[in-house]
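Not measured: the values here are computed from a predicted model. Whatever order the structure lists ligands and atoms in, that order sets their numbers, starting from 1. Residue numbers count from 1 along this sequence.
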Amino acid sequence: MKLKALQSDITTVKVDVIVNAANTSLLGGGGVDGAIHRKGGAEILEACRKIRATQGKCNPGEAVITTAGNLPAKYVIHAVGPVWNTGGKDKERLLANCYLNSLRLAIENDIKTIAFPNISTGIYKFPKELAAKIAIETVMSFQQDQIEEVIFVCFDEENYKLYDELLRIKK
Ligand code: AR6
């Protein structure tokens, strides 16, 4: 499995699946979630509504999969990250679960290439360096032989530099 960092807008990345940093409602919001729903179109929201109707809200650490609508990817995995400034001591585990559950869904759906945004490091204010370490370590320790490439798509330069550096060290 090849791991790489890319500084880009995740809605433009051509992979089998892009991951969204969603919220528990699954019904859209700001940040990368807003960008994905805006560019992906109504089909994604419709699919999210159906999931909501059957399973209710999506808890932090969990993930669901939908069509990617008009995006170049085939699917979108909506993962709900933890909010940094709230009670509860298991935020690190919940962030790791976002990556684990997304990878599990990718395996179930025969996905070979997956792109992650830096979940929870925007509106949810998770410290960027800690989030990058958790993301990379979780993905690296995931045992499988189906997924060929994992791209960490960083929007801001600070995150890109962190991922680029950490991935160099781990090689
Ligand atoms: N492509 C890639 N990364 C992006 C993009 C983009 N187009 N836009 C922003 N980012 P955030 P969170 C980066 O705030 O912290 C929403 O309202 C951004 O720079 O999108 O998990 C949801 O509905 C940051 O590094 O997600 C939730 O309510 C990263 O994506 C809440 O925000 C995550 O930032 C989730 O907050």
Who's the nearest protein heavy-atom neighbour of [atom], and how far?
atom: atom 29 (C) of ligand 1; result: N118 O, 3.3 Å
atom: atom 24 (C) of ligand 1; result: T121 OG1, 3.5 Å
atom: atom 36 (O) of ligand 1; result: Y124 CG, 3.4 Å
atom: atom 15 (O) of ligand 1; result: G122 N, 2.8 Å
atom: atom 7 (N) of ligand 1; result: D9 OD1, 2.9 Å
atom: atom 26 (O) of ligand 1; result: A21 CB, 3.7 Å
atom: atom 2 (C) of ligand 1; result: I10 N, 3.5 Å
atom: atom 20 (O) of ligand 1; result: V32 N, 2.8 Å

Q. For ligand 1, which atoms have a heavy atom of N159 less than 4.0 angstrom away?
A. 25 (O)
Q: Report, in ascending order of atom number, the atoms of ligand 1 lying under 4.0 Å from any heavy atom of G29.
A: 17 (O), 23 (O)
Q.
So is G81 touching ligand 1 or not, going by heavy atoms under 4.0 Å?
A. no
Is the backbone of [Y] close enough, under 3.5 Å, to the side chain of [X] for a donor and an acceptor to pair up by distance?
X: N59; Y: E62; value: no
X: T12; Y: S8; value: no
X: R52; Y: L26; value: no
X: N109; Y: I111; value: no

**Q.** Side chain, backbone, both or neither: T11 near ligand 1, heavy atoms under 4.0 Å
**A.** neither
Q: Answer with side chain, backbone, both or neither: which part of D156 has a heavy atom less than 4.0 angstrom from an atom of ligand 1?
A: side chain
Q. Among W84, F155, F152, F126, which one has a heavy atom closest to atom 18 (C) of ligand 1?
A. F155
Q. Considering G31, P60, P117, G30, which one's heavy-atom position lies nearest to atom 16 (C) of ligand 1?
A. G30
Q) So which heavy atom on C98 is nearest to which on G81, and how close? A) SG-CA, 3.6 Å
Q) So, for P117 and I10, which heavy atoms are closest and what is the spacing to 0.1 Å? A) N-CD1, 3.6 Å
Does a side-chain N-to-carboxylate-O contact under 4.0 Å join [X] and [Y]?
X: E108; Y: R104; value: no
X: D16; Y: K112; value: no
X: K161; Y: E157; value: yes
X: D164; Y: K4; value: no

Could an N or O of ligand 1 be found under 3.5 Å from any N or O of [X], whether backbone or side chain?
X: D33; result: yes
X: V153; result: no
X: I123; result: yes

Q: Determine, using ring centers only, whether W84 and Y124 are less than 6.0 Å apart.
A: no
